[in-house]
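We name chains A, B, ... by the order of the sequence lines, and we start the count at 1 in each one.
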2 protein chains.
Amino acid sequence: MTTEEAQRRTSGVSATTAANTGEFGIANPARSTAWAGAVQAGARVLPEHARSHNRALVLQALFRAEGLSRADLAREVGLTRVTISDLIGDLINENLVIELGVRTDSRPGKPATMLDINRNGFVVVGLDLSFNSRFRGAVTNLDGTVLHREELDVTGVTGSEAVEATALILERLVAAATAPILGVGVGSPGIVDATGTVLSAPNLGWKDLPLQQILSMRAQLPVQVANDANIAALAERTFGGGGADMMLVRAGRGVGSGLIVGGQQVYGSGSAAGEIGHVMVGTDGGDICVCGKSGCLETWLAIPRIEARLANATTEAERESILREAGERLGIATAPIVGALNLGEVVLSGPSELIDGPLIAAAADTLRDRTMAEFVGDLSVRMTTLGRDIIVLGAVVMVLTGQLGVY
Amino acid sequence: MTTEEAQRRTSGVSATTAANTGEFGIANPARSTAWAGAVQAGARVLPEHARSHNRALVLQALFRAEGLSRADLAREVGLTRVTISDLIGDLINENLVIELGVRTDSRPGKPATMLDINRNGFVVVGLDLSFNSRFRGAVTNLDGTVLHREELDVTGVTGSEAVEATALILERLVAAATAPILGVGVGSPGIVDATGTVLSAPNLGWKDLPLQQILSMRAQLPVQVANDANIAALAERTFGGGGADMMLVRAGRGVGSGLIVGGQQVYGSGSAAGEIGHVMVGTDGGDICVCGKSGCLETWLAIPRIEARLANATTEAERESILREAGERLGIATAPIVGALNLGEVVLSGPSELIDGPLIAAAADTLRDRTMAEFVGDLSVRMTTLGRDIIVLGAVVMVLTGQLGVY
DNA sequence: TTTGTTAGTAAAGGTCACTAACAAACAAAA
DNA sequence: TTTTGTTTGTTAGTGACCTTTACTAACAAA
């Protein structure tokens, strides 16, 4: 690896950069500048943690509204101009923030120096392993704007071959990066624990696979791995305008979901939050599922199942009835969740030609019928606006949160 | 009010005590020493916030394991002995911590001075407004040990009369306090927002009632109000051995629940989290509910409904069948919630002669049948161990959390 | 008596954000 | 044009906080 490559491949954020350019060195540990990182259950807090929290706040403010001056930030965040200047000084040194020049509009006082996140100074790599037959990945800037895409056919590929395929597409993406890589985010199907170990992903034949560790060693970069539907919820929250109490349901080969409760991602007692595909819906039977039960949500909502039913439909009315039934079943299954968590939003992700129409309308109707209007009156049931990139974007959010504390 | 009374009634925790003894002064604002309080969305963090967080950690450690020395605390919390000594100095000055004497067991080195929370130095007042015909309340020490109880018949009492009744029982409890009162916690039925305003409590005829503000003014004490089932979940978490991902379902006149997700209480987008009584269960109809729908969870699980059905049962088998059906319906309704949140525990609260038996067994069976064993394999479905005091204890937890940051 | 260990305190040092004060740069009024 | 007032960003000094280092007190074991 040449020096330039090392330069490009290694995030310049950490002060330990120089030590990490060796091919077999240890990758940068994920910097938990997010406050949440410091305040995990029963962790002491030092002034330096306050500093990283405030630093993350500044970055967040710059993320959300571009074109802020130091004084603007001071007002926004609540710190003094002095402290903001100090923090911004650090951030500029780390090349995370840049000065855009003086504010042009005419008003009294010294003209302000406009600042912004260095949106193109770093890139993020996002990987989507959720499709059955192909892995997808992208290089994005810090905005989530896709700069480069890669796809890889993985039909029938499982086990360690699938790991190799993941490493291969990651390698290609890393090679395509035009700026230092802040980190790598991976959305994997199955159950993924907090350490990025895939506890179980039947489709890929993975069990207790420490994917984060493997990829991090290979790429010499900070890597974060999480469940695909879960990070889709993250993406919707950050880039799709999702609220603080939200559920994202993803219909594909199977059915999964991700939950944001009180602004926080839900992980669950066994890292299996969102796994609603094999919850039985209703009390009137249903088709047999691969899991052995009858009438699982997946038998109603999985895309192959819907397509199979639609294949027998001859009229438009039949087609609509099939889609409405799928939506109804989704409504029946999610009504207790929406009620118990008092969710404000249910967002759907999947092929829009099937989902965005009678299905989603029926789901909304059913949800309203089966819950108390007083509690869920302003419930919004809608399609995601992020389309097929939602997993990749979720991976980006994961990296931004993990490395910069931005969310 | 005499000086002694003022002394007793006012928490000695705050440095502003002297200013708050006036009959019509403003009560101590709730001290948010908890870190969560300081780190609400987008709040800057100063070194002093770190201090209060660490202080709360020390208090928590002392709460959980009594008989710790300063050096033990240093090891436990991760701060140095010097810092712990400093924090403990403050806490002893505020009478929140006491020295128990030197450790007696024989080991090398200087014998340690044992410390403990001053468990009887302060009391907490808890109020339970959840019963239809009577308000209940208790004075407890910081352990949650009940020192004194009060009950008040409120059959048919609603609206402002119910507020007066609440104030009356609170007054009696305050008069019975034998130590400075740390704060007052109130568990109210209905929907209660973060400011302690009862947005809606049909049974009591309350709507947009700022109960926390009213009681706080009357009693000149910090008051916190929340939904009854929600704080029951808090109680179960702190005093009942509940885990970090847990649901507590409370069957009474109606059906409510409280959720702990990732160790945090769930509030919901409209402060209505846990309201599952009027979620429809199954797809095969059911009795008409007061809300107009058919087959709401309440029509299956509310105690009056169960009792009405049992009145017609002649044999033990019939009785058991009725209870099993109620449990099944509970299982059907909660299965999607347990699956989506990957809960580790479902705890029931209510009259144990009805719930603790076929009902809970059927609920557990149904939950396991309708979810994926792989995800909820170690799901525990059980009765609360806290009995009728659960709401009062929840109120205590709320005060401990709000005033001391302990949870 | 000596040695080693543990508890708690004291002093010094570094980090962090604050207040106060100031120069630079501008608009608008005089 | 000069003066006044406003806004920005920086410098200097202060206080809060936790750490490291160093110390004394008190004990067990050899």
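Judged by distance alone, with hydrogens and angles left aside, the side-chain atoms of A:Thr401 form a donor-acceptor pair with the main-chain N or O of A:Val406 at under 3.5 Å. Judged by distance alone, with hydrogens and angles left aside, the side-chain atoms of B:His53 form no donor-acceptor pair with the main-chain N or O of B:Gly405 at under 3.5 Å. A donor-acceptor pair is defined here as one N or O able to donate and one able to accept, closer than 3.5 Å; no such pair exists between the side chain of A:Asp116 and the backbone of A:Ile98. With A:Asn118 contributing its side chain and A:Asn95 its backbone, the two residues share a donor-acceptor pair below 3.5 Å.
In this structure, B:Arg81 atom CZ and D:dA25 atom C1' are separated by 13 Å, rounded to whole Å. Protein atom NE2 of A:His49 is 10 Å distant from nucleotide atom P of D:dT19, rounded to whole Å. Across the protein-nucleic acid pair, B:Arg55 atom CZ and D:dC18 atom C1' stand 17 Å apart, rounded to whole Å. When the P atom of D:dA25 is taken as reference, atom CZ of B:Arg103 falls 22 Å away, rounded to whole Å. The distance between atom CG of B:Leu87 and atom P of C:dG8, rounded to the nearest whole Å, is 14 Å. Look at CG on A:Asp72: it is 18 Å from P on D:dT6, rounded to the nearest Å. In this structure, B:Leu46 atom CG and D:dT14 atom C1' are separated by 15 Å, rounded to whole Å. Rounded to an integer number of Å, the gap from CD of B:Glu48 to P of D:dC18 is 11 Å.
The shortest distance between the side-chain N/O atoms of B:Thr80 and the OP1/OP2 oxygens of D:dT20 is not below 4.0 Å. Look at B:Ser85 and you won't find any side-chain N or O under 4.0 angstrom from OP1 or OP2 of C:dA7. Phosphate contact (OP1/OP2 of C:dC16, side-chain N/O of B:Arg44, threshold under 4.0 Å): absent. OP1 or OP2 of D:dT8 lies within a sub-4.0 Å distance of a side-chain N or O belonging to A:Arg75. Contact annotation: A:Arg51 side-chain N/O to C:dA17 OP1/OP2 distance is under 4.0 Å. An OP1 or OP2 oxygen of C:dA7 is reached within less than 4.0 angstrom by no side-chain nitrogen or oxygen of B:Thr113. In this structure, A:Asn54 reaches the C:dA17 phosphate: one of its side-chain N or O atoms is under 4.0 Å from OP1 or OP2.
Screening B:Arg70, B:Arg81, B:Arg51 against B:Asp86 for a salt bridge (charged side-chain N to carboxylate O under 4.0 Å, His left out) leaves a single residue, B:Arg51.
When each of A:Pro111 and B:Asp86 is assigned the nucleotide of DNA chain C bearing its nearest heavy atom, the one mapping closer to the 5' terminus is B:Asp86.
Counted by atom type alone, B:Ser69 and B:Asp72 present one or more donor-acceptor pairs between their side chains at under 3.5 Å.
Picking from C:dC18, D:dG9, C:dT9 the nucleotide with the shortest atom distance to the side chain of A:Thr83 gives C:dC18. Nearest to the side chain of B:Val82, among D:dC18, C:dA11, C:dG8, sits C:dA11. Of the candidates D:dT21, C:dA24, C:dC16, C:dA24 carries the atom nearest the A:Lys110 side chain, counting heavy atoms from C-beta on.
A:Leu79 comes within contact range of the sugar-phosphate backbone alone, with a heavy-atom separation under 4.0 Å but no base atom that close.
Salt bridge status for B:Arg55 with B:Glu48: absent, with no side-chain N to carboxylate O gap under 4.0 Å.
In the interface, the side chain of B:Arg70 is not paired with the base of C:dG8 through any donor and acceptor atom under 3.5 Å apart.
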| task | Can you run through DNA chain D from 5' to 3' and write each base as (, ), [, ], | or . depending on how it pairs? Watson-Crick or G-U wobble, both distances under 3.5 Å. | result | ||||||||||||||||||||||||||||||
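What you find for B:Gln212 and B:Val225 is that their closest heavy atoms are OE1-N, 3.4 Å.
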